[in-house]
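Following: one structure in structure tokens, then a few remarks.
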Amino acid sequence: MLVDSKIIRKNKFVKSNNKYHIISYGCQMNFADSEVVASILENIGYEHADNIENSNLILINTCSIREKAEQTIRKKLSSINFLKKKNKSLKIGVLGCMAERLKEKFLHEEKIVDLVVGPDAYRDLPNLLKEVEFGNDAVNVLLSKDETYADINPQRFNSNGISAFVSITRGCDNMCTFCVVPFTRGRERSRDPKSILAEIKQLEENGYKEITLLGQNVDSYLWYGGGLKKDFKKASEIQKKTSINFAKLLDIVAKSYPKFRIRFTTSNPQDMDTEVLITMKAHKNICNHIHLPVQSGSDKILKEMNRQHTRKEYLKLVSEIKTILPDCGLSQDMITGFPNETEKDHKDTLSLMNLVKYDFGFMFKYSERPGTLASRKLDDNILEEIKQRRLSEIIDLQFKHSFENLSKYVNKTTVILVEKESKKSKRFWAGRNEQNIMVVFPKEDFKPGDFVDVLVEENTATTLKGIALNKIK
Ligand code: 5AD
Ligand code: SF4
């Protein structure tokens with residue numbers, strides 16, 4: 001059963017005029033978590049404020065993935081310092097990965113912070129807020145083996161009312177050597193499929209048209225009645241027989257909600273298997289798009305990163321995807337300038353990109369994160385200007401591939417779900433096709449939530465532009 005904060009308001013100790021505002025940084029998981037936090041706050045009488053000036057509680061949901069992300073958050077904290085002088089009752093809290101990484105140190109380093117709450121401790125917010133009211137330090141950064149917030153119905157305060165994230169796993173067990181996530185979000189655990197279906201049902205009732213199943217590693221989803229993935233070996237025979245993996249979950253969701261468009265992210269190459277691809281092929285409502293981070297095209301670097309696949313295995317998976325799902329969109333994450341990366345390793349990355357020809361990608365310079373295996377064992381020894389030059393080269397190559405791939409849509413029709421007004425023009429709608437490519441077209445009589453056939457007339461590297469032919473029933 002999902003708890004709807006609008007219906008059940010117990011533990012209502014907070015003054016009813018209290019307003020909160022949440023600022024989220026980082027990955028989609030953080031944005032989804034902020035909606036869970038909003039639900040918890042509304043359950044104790046808080047009301048959402050559209051801007052920080054009107055709030056008595058500002059929460060910043062933070063990201064630690066790269067140093068730059070943390071710097072941005074510290075700047076944000078300094079920029080809201082003045083509000084505390086204006087409003088003596090204002091409380092400021094930090095949530096998420098940076099809260100988990102820095103723990104109570106945050107309270108000493110950033111004097112304006114009143115509470116620090118890690119990603120698995122949001123249920124404790126009512127108690128922590130009480131502590132803050134009493135003038136005490138309020139820190140909870142305990143990580144959990146089973147918390148999935150399964151019973152909490154997110155308050156979709158940031159939503160366009162059309163597409164929503166539904167989280168299905170939390171944490172990550174992969175231990176890529178560069179990544180801080182396993183330390184800040186803890187062990188990987190899967191959410192009860194019943195609660196996933198209940199959340200989607202509510203979304204359907206509220207008029208949503210698209211969901212993205214969300215997790216650090218969705219293909220590793222495994223439900224056998226609760227418990228960590230790594231403990232599956234110890235499960236009973238019955239539990240093993242009735243267990244639900246990601247392909248099965250996709251199948252159940254697609255069958256239960258045939259009118260919903262279904263997406264998922266993120267996939268890790270070593271966990272994505274043929275069964276998932278066959279399930280995608282079997283259901284028209286599962287979008288043909290796979291975000292498949294690779295990080296590097298060099299076997300040496302993949303090994304040092306503790307990625308659990310080789311370049312050859314990755315390319316074999318890509319070829320299988322292209323065979324089973326010929327029109328599947330593919331995107332990547334890439335890191336450049338990892339310790340000891342040579343020009344040859346960098347060339348291997350460029351050559352892998354030339355073989356796959358991704359539709360788009362997210363590319364980053366390596367940023368050493370304290371506590372990770374890479375930071376303990378490897379010297380961050382690639383000069384900043386070399387990192388920057390290699391990054392520019394992979395960005396330029398991605399740009400070329402994106403432009404070429406998108407130009408193949410010109411003079412063809414593609415189905416899009418209208419999501420919002422185009423950022424560039426009030427006269428245009430914007431939406432994505434199933435390959436996750438942004439498409440814009442003149443509004444005419446169409447509206448958000450419509451599925452529309454668009455005839456593509458031109459493209460850039462990131463967007464298709466066309467005219468809408470008709471609405472699809
Ligand atoms: N430095 C740079 N990029 C990183 N990522 C994760 N950790 C780091 C790091 N230390 C990137 C990876 C990952 C994406 C979410 O962020 O490409 O897939
Ligand atoms: Fe980090 Fe690797 Fe897990 Fe992704 S799969 S969250 S990069 S440890």
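Counting starts at 1 for both ligands and their atoms, in listed order. Residues: numbered from 1 along the sequence shown.
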task = For ligand 1, find out whether one of its N or O atoms is nearer than 3.5 Å to an N or O atom of Phe364.
result = no

Whether Arg307 lies under 4.0 Å from ligand 2, heavy atom = yes

note = For atom 2 (Fe) of ligand 2, the closest protein heavy atom turns out to be Cys176 SG, 2.4 Å

query = Short check: any N/O/S atom of Cys172 below 2.8 Å from atom 1 (Fe) of ligand 2?
reply = no

Residue and atom name of the nearest protein heavy atom (relative to atom 12 (C) of ligand 1), distance in Å to one decimal = Gln295 OE1, 3.3 Å

remark   = for atom 1 (Fe) of ligand 2, nearest protein heavy atom and its distance come out as Cys179 SG, 2.2 Å

note = Under 4.0 Å from one or more heavy atoms of Lys365, ligand 1 contributes atoms 1 (N), 2 (C)

ask   = Quick one: does Asn217 get a heavy atom under 4.0 Å from ligand 2?
value = no

inquiry  = Is it true that His291 and Thr266 share a donor-acceptor pair across their side chains at a distance under 3.5 Å?
reply    = no

query = Met363 near ligand 1, heavy-atom distance under 4.0 Å?
reply = no

message = Please tell me if atom 4 (Fe) of ligand 2 is touched by the protein, where touching means a protein heavy-atom distance below 4.0 Å.
response = no

Asn268 and ligand 2 - part of the residue with a heavy-atom distance under 4.0 Å = side chain

ask   = Given Ile335, Val180, Asp333, which one has a non-hydrogen atom that is nearest to atom 13 (C) of ligand 1?
value = Asp333

Cationic N near anionic O, under 4.0 Å, Arg390 to Asp345 = no

key: Residue, atom name and distance, where the atom is the protein heavy atom closest to atom 6 (S) of ligand 2   = Gln216 CG, 3.4 Å

ask   = Tell me, which protein residue and heavy-atom name are nearest atom 5 (N) of ligand 1, and how many Å apart are they?
value = Arg66 NH1, 3.4 Å

Row check, Phe31 ring normal vs Arg156 NZ/CZ: under 6.0 Å, within 45° = no

message = Does any part of the side chain of Arg191, heavy atoms only, come nearer than 4.5 Å to the side chain of Glu199, both counted from C-beta?
response = yes

task = May I ask you to list the atoms of ligand 1 that are less than 4.0 angstrom from any heavy atom of Ile65?
result = 5 (N), 6 (C), 7 (N), 8 (C), 9 (C), 10 (N), 16 (O)

ask   = With a 4.5 Å limit on heavy-atom distance, are the side chains of Phe360 and Asn436 in contact?
value = yes

request  = Over 60° means perpendicular and under 30° means parallel, so classify the ring planes of His48 and His21, tilted if in between.
outcome  = parallel

request  = Could you tell me whether Glu313 and Arg307 make a salt bridge, using a distance below 4.0 angstrom between a side-chain N and a carboxylate O?
outcome  = no

message = I need the nearest protein heavy-atom contact for atom 10 (N) of ligand 1: residue, atom name and distance, please.
response = Ser367 O, 2.8 Å

remark   = When distances are taken from atom 7 (N) of ligand 1, the protein heavy atom at minimum range is Phe178 CD1, 3.3 Å

